[in-house]
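Here is the naming used below: chain letters follow the sequence lines, and residue numbers restart at 1 for every chain.
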Protein chains: 2
Amino acid sequence: MGATKAEEFTLRDNRIARYAKALGHPARVAILRLLAERQACMCGDIVEELPIAQSTVSQHLGELKAAGLIQGEIDGPRVCYCINEKEWTSALTVLNEFFKLPKEIAAKCC
Amino acid sequence: MGATKAEEFTLRDNRIARYAKALGHPARVAILRLLAERQACMCGDIVEELPIAQSTVSQHLGELKAAGLIQGEIDGPRVCYCINEKEWTSALTVLNEFFKLPKEIAAKCC
DNA sequence: CAGCAAAATCGTAATAATACGATATTATCT
DNA sequence: AGATAATATCGTATTATTACGATTTTGCTG
């Protein structure tokens, strides 16, 4: 993302940014949607559903895993991915809390 | 963000990604938090609060404005920024709806 | 063990994001 | 008009992201 000064911000804000960044690309949103919408968790079927190459899908999966939002489990010759419910809930909570901030404020100036 | 294929994904997923991307940097989260937490909307005071240069703050403000999350109004020699309540609510709704997807699913496989 | 299929990793090119200093704008005040 | 103060914009260096093809790894199957 270019030079960054992430360390100089609060842990809380970095946490929010980390989750948000993981959702910051339509391919990753689409992947998460697929994982959420299908009963079973997906593996390489994602590649067939999305307009990007296998290696790129794998890269996006890696980022989602790094953010903690999904987890993968080896299932025979393939890998079965699914949403990490715990982190997912955590992300929802953190983002919701953040988004509700202005609701508590009456005054508006512009 | 490097080469991108955003056009090939759904509008819905692009919309979510757009909001999420705006929140994808701790500086922008911090800026939004400042705008939300203070009664009045901020201007250059943000520069004093954050560990980044004035031009960088201005750049982040521009991105938040492009995403629709904030709006600025000229107020004398300064610019008064505040959260765009409408878009903010819209972002909350869209993200919430997305995050609640897996809750409707009983089966888990890993 | 050889062969196969799925996924990860590597190498790399193209592009976007981050950050800063310097400069230009803009609006106010004297 | 000129000076001042606040923002925006420009130019640019650095670093991150995205994407793909090629290759490697991994685990199963004959």
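Put simply, NE2 on H25(A) is 12 Å from C1' on dT15(C), counting in whole angstrom units. Atom pair I46(A):CD1 and dA19(D):P shows a separation of 15 Å (rounding to whole Å applied). As a whole-Å value, the separation of E73(A) CD from dA6(C) C1' is 17 Å. What separates CD of E48(B) from P of dT7(D) is a distance of 10 Å, to the nearest Å. When the P atom of dT23(C) is taken as reference, atom CD of Q54(B) falls 14 Å away, rounded to whole Å. The distance between atom CD1 of I52(A) and atom P of dA8(C), rounded to the nearest whole Å, is 13 Å. The CZ-C1' distance, from R28(B) to dT18(C), rounds to 9 Å in whole Å. Following rounding to the nearest Å, L50(A) (CG) and dA19(D) (C1') show an atom-to-atom distance of 14 Å.
OP1 or OP2 of dT17(D) has not a single side-chain nitrogen or oxygen of H60(A) nearer than 4.0 Å. Taking only side-chain nitrogens and oxygens, Y81(B) never comes nearer than 4.0 Å to OP1 or OP2 of dA6(D). Phosphate contact (OP1/OP2 of dT17(D), side-chain N/O of K21(B), threshold under 4.0 Å): absent. For dC20(C), one of the phosphate oxygens OP1 or OP2 lies less than 4.0 angstrom from a side-chain nitrogen or oxygen of T56(B).
By the 4.5 Å heavy-atom criterion applied to side chains, I70(A) and L61(A) are counted as neighbours.
Looking at every heavy atom in both residues, P51(B) comes nearest to E8(A) through CB-OE1, 3.1 Å.
Side-chain atoms of Q59(B) stay outside donor-acceptor range of the base of dA17(C), with no qualifying N/O pair under 3.5 Å. Residue E63(B) places no side-chain atom within donor-acceptor reach of the base of dA17(C), judged by atom type and a 3.5 Å distance cut-off alone.
Comparing dC28(D), dA8(C), dA19(C) by their closest approach to the side chain of P77(A) singles out dC28(D). The listed nucleotides are dA8(C), dC20(C), dA19(D); the one nearest the side chain of A3(B) is dA19(D).
Classified by interplanar angle (parallel below 30°, tilted 30° to 60°, perpendicular above 60°), the ring pair H25(A)/H60(A) is tilted.
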Evaluate the criterion side chain to side chain contact (heavy atoms under 4.5 Å, CB included) for residue pair Y81(A) and Q71(A); output intermediate values, then yes/no. CA-CA 6 Å; Y81(A) 280 106; Q71(A) 58 194 154; over 6 Å; no

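Each of I74(B) and V57(A) has a nearest nucleotide on DNA chain C; the 5'-most of these lies closest to V57(A). Residues A53(A) and S58(B) both approach DNA chain D. Their nearest nucleotides, taken by heavy-atom distance, put S58(B) toward the 5′ side. Nearer to the 5' terminus of DNA chain D, by closest-nucleotide assignment, is the contact made by S55(A) (compared with the other of S55(A) and R78(A)). Two residues, F9(A) and L61(A), neighbour DNA chain C, and the one matched to the more 5' nucleotide by heavy-atom proximity is L61(A).
Salt-bridge annotation for R33(B) and E49(B): absent, with no side-chain N of the basic residue lying under 4.0 Å from a carboxylate O of the acidic one.
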